[in-house]
Q: 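Before I ask anything, let me first share the structure, which is written out below as C-alpha cells.
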Amino acid sequence: MTLRVYNTLGGEKQLFEPIEAGKVRMYVCGPTVYDYCHIGHARSVVVFDVIARYLRRRGFEVTYVRNFTDVDDKIIRRANETGQDPGVLAARFIEAFYTDMDALLVERADHEPKVTEFIQPIIDLVQRLVQRGNAYTVDGDVYFDVTTFESYGKLSGRRLEDMEAGARIEVDQRKRHPHDFALWKAAKPGEPAWDSPWGRGRPGWHIECSAMSSTLLGDTFDIHGGGKDLIFPHHENEIAQSEAASGRPYVKYWLHNGFVNINHEKMSKSLNNFLMIRDVLQRHYPEAVRMFLLSSHYRSPIDFTPEAMAEASAKLTRVYTLLRRLTGRTPAAADKVDGSPFWHRFTAEMDDDFNTAAGIGTLFEAVRATNQLLDAGNADQGEIALNHGAILRMGQVLGIATGDAEAYFKSQARDIDPARVEDLIARRTAARKARDWAEADRLRDELTAMGVAIEDRPEGTVWRMAD
RNA sequence: GGCGGCAUAGCCAAGUGGUAAGGCAGCGGCCUGCAAAGCCGUUAUUCUCCGGUUCGAAUCCGGAUGCCGCCUCCA
C-alpha cells in the first residue's frame, strides 16, 4: 500500500516517500498567542493531529513539531491595548491553547517550541543570510532581498512581476523590492527586545519557523503544514529564507488545510464573528466537534452551522449507541484488526491524502454491519469482535468515540439528576412488569419531558439525552 | 489586475476513466404492549450548463454561468 498526499508545492497528489525510510519529520505552524483559539485553529490543529496519529498507526516513527509564536506585532499591540506585559499575555494564551486543545483530545506534539526560546538560532540564521548576500540592513532592521532567491513564488504559484505589490498597502520606501520582508526588526522603546549584531530588536514574522524547524528537524524535512492562508506570504518566505541559507531543499511535502466559515460567512474582524473553541465547547461535546471537523476533506472549506453540529452530534451518538450495545457483550479483538476488511478500507482511504470523510463513511459501514450481526442474534461472535476492534481503532486514529459509551450518554445530561432518571425508569419497569401500560407510558412521558430518551433492551432499559 | 479552488439527492458529504460511499431528514416494512434504538426497502438513470475526446466521463479537454479563497502578520 502506498500513501499519497496532496503537495501544495506542485499542486498535485504525490507518492509519499519520507526522506529517511520509516521516519517522518513534520512541522506545523502553531498559533500566534494573542487571543483565545477559534474554530479555525481547531481545524488546523485537529487535522494535523489526525495526520500524525495516522502516520504513527501506519508504522512511521514521527517527530512532530508545533510551535507557538510568542513574540510578534499582534501580541505587542494587544498587550499595549490592555496594559499588560507582552510576555505575560502570551503565556496566558499558551495556557488557554492547551485548555482548548486538551479538551478537543489533541495529542501533544513531540516539540512545542516558543520563539522566545530560539532567539539565538534566529539571529544566527539572519546573520548567515546577510553574509550570503540574501539580506540587507536598514536602520537596525534586516530585510530579505527576494530578488536574490530565483525560485521565489514557487509554492504559491506567483511570479514577482505578476504581483501588484503595494496595491493594497503602502510600501516601505527603504526596501529594495516591494516584496522584501523583515527578518529582524529594530525594537521600539518598551517592546520585547534582544541584543543582536544590528542592535536591540526582535525577529520578523517568518524567520522563527525557519529557525525552529531547522534546529529541531534539520535543514530538510518531510512535512510542513498549516492553514491555506499561510501559503503566501508566510510559507513562501520560509522557503526563501531556509533554502537561501542552507542551499538545500527545505520541505518535501507542503500540506494546507481549508477554512472554517461561520454560517456561510468568513470569520473576520469586520464581521466580528470569530467563534472561539471555548464557546463551541460550552454547547457541544468535544468529539462531536472533531466529527464535524473531520467529516469533510481537510482541504475543503467547511461551514460551521447549528445544523452541521447537530448532524455531527447525531453521528457520534450513532457510534456510541453501538458501542454501548457491545459493552460487556463482545470484547473487541484488538489484536486481529489488521485482518478487518473495514480497517483495510479505512487505511486505503486515509492513504489517499488523509481522506477522513471517506474513512468516516467506512466507520459507519462497520457500525451498520455490526448492528446487523447483533440483530441476527446467532451471529459469529468472532466477526462482531473483529468489527468492534476495527471501529475502536478507526476511532483512535480520528480521536472520535474513544471514551466510555455510558459516560458519553451520561455526560450529555447537563441539568438532569441521574438518580431521578433511574428512579423513574425503575418505576416504569415495575409498571411494565405489572402490564400497567398507562402508568408505564405516563412515566416515559415524564422522562421525555425532561429530555431523556429511553431504550428497552433485552438486558434492561438504558437512557440517553434526546438529540 | 494576478494566482487558485469549488459546483454531486431536501440538507451535509465521499467518489479523479468503467457504470453514484456514508450521515441527517422523509416514506413503507420488521422488531416492540406502544415506543426508542437497530435492521430491511425506498429516496440522484444522474453528478451547474454547452460542446469535445473515448467502447465508456461526475471523473479528461475547451467554453459558459454561479459561488469562494489568496495577493492585508487571518488557521
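In what follows, chains carry the letters A, B, and so on, assigned in the order in which the sequence lines appear, proteins first and then strands, with residues in each chain numbered from 1. Since the model is a prediction, treat every value here as computed from it, not as a measurement.
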Q: Could you give the CE-to-C1' distance, from A/Met309 to B/A25, as a whole number of Å?
A: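 Between C1' of B/A25 and CE of A/Met309: 18 Å.
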Q: Indicate, yes or no, whether a donor-acceptor pair under 3.5 Å links the base of B/C70 to the side chain of A/Asp229.
A: no
Q: Expressed as a whole number of Å, how far does the P atom of B/C11 sit from that of B/C47?
A: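 It comes out at 16 Å once rounded to the nearest Å.
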Q: For B/C39, what is the paired nucleotide under Watson-Crick or G-U wobble rules, both distances under 3.5 Å?
A: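 Pairing partner, where one exists within any strand: B/G29.
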Q: Taking any strand in view, what nucleotide pairs with B/U46 in a Watson-Crick or G-U wobble way, both distances under 3.5 Å?
A: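 In the structure as shown, B/U46 has no Watson-Crick or wobble partner.
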Q: Under the 3.5 Å rule, do the base of B/A35 and the side chain of A/Arg444 count as making a donor-acceptor pair?
A: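 Flag set: donor-acceptor pair detected.
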Q: Classify the nucleic acid contact of A/Val47 as base, sugar-phosphate or nothing, counting any heavy atom under 4.0 Å across all strands shown.
A: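 No contact.
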Q: Going by centres under 5.5 angstrom and planes under 30 degrees, do the aromatic ring of A/Trp437 and the base ring of B/G33 stack?
A: yes
Q: Taking B/C49 as the reference, what is the distance to B/U45 when you measure between their P atoms (whole Å, please)?
A: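 Per the computed distance, 12 Å lies between those P atoms.
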Q: Taking for each residue the nucleotide of RNA chain B bearing the nearest heavy atom, is the 5' side occupied by A/Lys266 or by A/Asp375?
A: A/Asp375
Q: Could you pull out the closest heavy-atom pair between A/Met267 and A/Leu275, with the gap in Å?
A: SD-N, 3.6 Å
Q: For residues A/Trp254 and A/Leu155, determine if any side-chain heavy atom of one lies less than 4.5 Å from a side-chain heavy atom of the other.
A: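 In contact.
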Q: For the pair made of CD1 in A/Ile384 and P in B/G38, what is the distance, rounded to whole Å?
A: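 That distance rounds to 16 Å.
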Q: Expressed as a whole number of Å, how far does the C1' atom of B/U72 sit from that of B/C12?
A: 32 Å
Q: Give A/Gly204 one of three labels, base, sugar-phosphate or nothing, depending on what nucleic acid heavy atoms sit under 4.0 Å from its own.
A: nothing
Q: Say we look at B/G18 and B/C60: how far apart would their P atoms be, to the nearest angstrom?
A: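 Approximately 12 Å lies between the P atom of B/G18 and that of B/C60.
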Q: Is it true that A/Glu365 and A/Arg345 have a side-chain N and a carboxylate O under 4.0 angstrom from each other?
A: yes
Q: Measuring to OP1 and OP2 of B/G23, would you say a side-chain N or O of A/Arg318 lies under 4.0 angstrom away?
A: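 For B/G23, OP1/OP2 do have a side-chain N/O of A/Arg318 under 4.0 Å.
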Q: Contact class for A/Ile39 vs. all strands (heavy atom < 4.0 Å): base, sugar-phosphate, or nothing?
A: nothing
Q: Looking for any heavy atom pair under 4.0 Å, which part of the strands does A/His297 touch: base, sugar-phosphate only, or nothing?
A: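 Sugar-phosphate: the residue A/His297, judged by heavy atoms under 4.0 Å, touches backbone atoms but no base.
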Q: Are A/Arg290 and A/Leu105 close enough that some pair of their side-chain heavy atoms sits under 4.5 Å apart?
A: yes
Q: Mind checking A/Asp456 for me? I need base, sugar-phosphate or nothing, with any heavy atom below 4.0 Å counting as a touch.
A: base
Q: Find the distance A/Arg442:CZ to B/G33:P and express it as a whole number of Å.
A: 21 Å
Q: Take A/Thr147 and A/Asp145, measure what side chain to side chain donor-acceptor pair (under 3.5 Å) needs, and give me the verdict at the end.
A: CA-CA 6 Å; A/Thr147 63; A/Asp145 181 343; 2.5 Å; yes
Q: Could you state the atom-to-atom distance from CG of A/Leu443 to C1' of B/G33 in whole Å?
A: 15 Å
Q: Are OP1 or OP2 of B/C24 and a side-chain N or O of A/Ser313 less than 4.0 angstrom apart?
A: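 False: A/Ser313 side-chain N/O out of range (4.0 Å or more) of B/C24 OP1/OP2.
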Q: Heavy atoms under 4.0 Å, any strand shown: does A/Ala357 hit a base, just sugar-phosphate, or nothing?
A: base
Q: When you measure from the side-chain N and O atoms of A/Asn371 to the phosphate of B/C39, is any distance below 4.0 Å, counting only OP1 and OP2?
A: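 So the side chain of A/Asn371 is within the cut-off, an N or O lying under 4.0 Å from OP1 or OP2 of B/C39.
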Q: For B/C11, give the paired nucleotide (Watson-Crick: N1-N3 plus N6-O4 or O6-N4; G-U: N1-O2 and O6-N3; both under 3.5 Å), or none.
A: B/G23
Q: Figure out the CZ/P separation between A/Phe232 and B/C71, and round it to whole Å.
A: 8 Å
Q: Without decimals, in angstroms, what is the distance between A/Asn261 CG and B/A13 C1'?
A: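 My rounded result for the distance is 16 Å.
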Q: Whole angstroms only, please: what is the CD1-C1' distance between A/Ile262 and B/C74?
A: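 A/Ile262 atom CD1 is separated from B/C74 atom C1' by 13 Å.
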Q: Please report the interatomic distance OG1(A/Thr402) to OH(A/Tyr320), rounded to the nearest 0.5 Å.
A: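 With rounding to 0.5 Å, OG1 (A/Thr402) is 5.0 Å from OH (A/Tyr320).
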Q: Using a cut-off of strictly less than 4.0 Å between a heavy atom of the residue and any atom of RNA chain B, enumerate the qualifying residues of residues 284-293 of chain A by number.
A: none
Q: Kindly indicate, with the supporting measurements, whether the criterion side chain to side chain donor-acceptor pair (under 3.5 Å) is fulfilled by A/Asp49 and A/Tyr64.
A: CA-CA 9 Å; A/Asp49 177 56; A/Tyr64 180 17; over 6 Å; no
Q: Should the side chain of A/Glu365 and the base of B/G22 be counted as holding a donor-acceptor pair, with the cut-off at 3.5 Å?
A: no
Q: Sticking with atom P, work out how far B/A64 lies from B/C71, rounded to a whole angstrom.
A: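 Their P atoms lie roughly 26 Å apart.
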Q: Check whether any side-chain N or O of A/Arg324 sits under 4.0 Å from OP1 or OP2 of B/G38, and answer yes or no.
A: no
Q: Does B/U54 have a Watson-Crick or wobble partner in any strand here, with both distances under 3.5 angstrom, and which is it?
A: none
Q: Can you tell me, in whole Å, how much space there is between the P of B/C40 and that of B/C31?
A: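 Roughly 16 Å separates the two P atoms.
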Q: Need to verify one output field. Residue with the more 5' nearest nucleotide on RNA chain B, A/Pro301 or A/Gly227?
A: A/Pro301
Q: Do A/His264 and A/Asn261 come within less than 4.5 Å of each other through their side chains, counting heavy atoms only?
A: no
Q: Got a donor-acceptor pair under 3.5 Å from the side chain of A/Lys315 to the base of B/C24?
A: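 No, the side chain and the base share no sub-3.5 Å donor-acceptor pair.
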Q: Regarding A/Ser300, tell me which of base, sugar-phosphate or nothing describes its non-hydrogen contacts under 4.0 Å with the strands shown.
A: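 Touches sugar-phosphate only.
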Q: Any base atoms under 4.0 Å from A/Phe259, or only sugar-phosphate, or nothing? Heavy atoms, all strands.
A: base
Q: With rounding to the closest Å, how many angstrom separate the P atoms on B/C70 and B/G62?
A: 26 Å
Q: For B/C67, what is the paired nucleotide under Watson-Crick or G-U wobble rules, both distances under 3.5 Å?
A: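 Pair assignment: B/C67 / B/G5.
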Q: Under 30°, 30 to 60°, or over 60°: which ring-plane class applies to A/His206 and A/His234, parallel, tilted or perpendicular?
A: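 Tilted.
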Q: Quick check: do A/Met350 and A/Phe346 have side-chain heavy atoms less than 4.5 Å from each other?
A: yes
Q: Determine, for A/Asp73 against A/Arg202, whether the closest basic-nitrogen to carboxylate-oxygen distance falls under 4.0 angstrom.
A: yes
Q: Do any side-chain nitrogens or oxygens of A/Arg432 fall under 4.0 Å of OP1 or OP2 in B/G33?
A: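 Checking B/G33 against A/Arg432, no side-chain N or O comes under 4.0 Å of OP1 or OP2.
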